[in-house]
Amino acid sequence: MTEVAVVHTNETDSTLAGKKLGCEIKAKISGNPDALIVFASPLYDFKLLLRNIAAQCNPAHMLGCSSAGEFSSATPQEGSACALAFKSSDMVFSVGVARNLSSDRKQAAQSITDSFNGLDDQTYAYRTAMVLTDALAGFADSLIEEITLSTSGMYQLFGGGAGDDAQFKRTHIFYGEDAITDAAVALEILSNKPIGIGVQHGWEPASAAMRVTEVDGKRLISVNAVPAIEAFQAHAEATGQILDLEKPTAFFLSNVIGIEDQGAYRLRVPLTTNTKGEVFCAAEIPSGSIIYIMRTSCVCSAEAAAQATKTALAQLEDHRPKTAIFFDCVATRLRTGQDFGLELGKLDDLLSPATYVGCNTYGQIARAEGQFGGFHNCTAVIGIFPE
């Protein structure tokens, strides 16, 4: 049997918000939670928030991250905090943490997976891990690859990169009552019932294929041997759009980069440019990769969230959904505005009466059989837990 509690508050006082969330969790489940996941806006004093949550409901494991928009069961908010608590006889949880992420991804992955029980314990048929990372520290793609290697590919993965309300200055990972940077955390979930994972973005190529000829991590220097910004300028002219180099955000949010990857496209959001014509992106782009400038619409984004949800539901086999965790990009929320509610409406229609919780992130993580995996931008990722 699995009990869940989904709670949400827009109380801005960190102490009061923590007490409110913790008390509501305590009231909704019997006993202390086995695992508690928290997403919170950077307006909070995280240590106060987490300390007061824990004081009220005493979870065995608590983790989470700062976010850039929070939601629970079709209630999107900014400047709020939400949480999902589990009490389950069907699932076993553990939490692993990695510090100094930017210096050594292999060691970071090892630090996380050292806490995983399912590598040696064959009692449970299904192994899943929800991974949350400080996306501003970079190297998220590399971390996911290293976790996959460290676990010999036995785990399906989903999760996201911490946010800070689109300030792009400092993001935090929650581990117990600590809020840390340059870090990643993972919740191991062992179960004998399947947990469904779905990933979809709804974007399609709108330009000709281009090759990345020079790149330095997140800094896209040249495409087809010319300054990267020239590719965007040419696309803006060809499509009748306006690209203001002083304020390029509006254009970039609607014209993201798609990296060709085995017939699919991993997305990267361009953020800024400089006088050299370089384009700085939200995540790394591999040198020599084939890229496109992509297009979508609010309707396509909502349909992508629906398709991701349907894919995850199908993996539950004969089990009904109990709850879900949903991640989508802050860039999607900024681009769609109030229409972001269309995505959550699709989830609500497909999952009801099951509840869900989630947040807008600086990147989304997915690694599941039969779906394109890795670290993404502008992509809907959902993990669904069965009754």
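Put simply, the side chain of Ser103 gets close to the backbone of Asn100: a donor and an acceptor are under 3.5 Å apart. A distance-only check finds no donor-acceptor pair linking the side chain of Ser67 to the backbone of Glu70 [under 3.5 Å]. For the pair Asn274 (side chain) and Lys276 (backbone), a donor-acceptor distance under 3.5 Å is present. Judged by distance alone, with hydrogens and angles left aside, the side-chain atoms of Asp104 form a donor-acceptor pair with the main-chain N or O of Lys106 at under 3.5 Å.
We find that Arg105 and Glu146 are not joined by a salt bridge, their nearest charged nitrogen and carboxylate oxygen being 4.0 Å or further apart.
Taking the side chain as every heavy atom from C-beta outward, Asp328 and Arg333 never approach each other to under 4.5 Å. Looking at Pro321 and Leu313, their side chains come closer than 4.5 Å, going by heavy atoms from C-beta outward. Looking at Tyr175 and Val95, their side chains come closer than 4.5 Å, going by heavy atoms from C-beta outward.
Taking the centre of each ring, Phe385 and Phe86 come in below the 6.0 Å mark. For His61 and Phe93, the ring centers are positioned 6.0 Å apart or more.
Under the 4.5 angstrom side-chain criterion for Ile, Leu, Val, Met, Phe, Trp and Tyr, the cluster partners of Phe251 are Met210, Val212, Val215, Leu220, Val223, Ile229, Phe232, Leu243, Leu245, Phe252, Ile257, Ile259, Val279, Ile285, Ile291, Ile293.
Considering only residues two or more places apart in sequence or on other chains, Arg127 meets the side-chain contact (heavy atoms from CB on, under 4.5 Å) condition with Gln122, Met154, Tyr155, Leu190.
In this structure, the separation between CD on Gln200 and CD on Glu303 is 10.5 Å, given to the nearest 0.5 Å.
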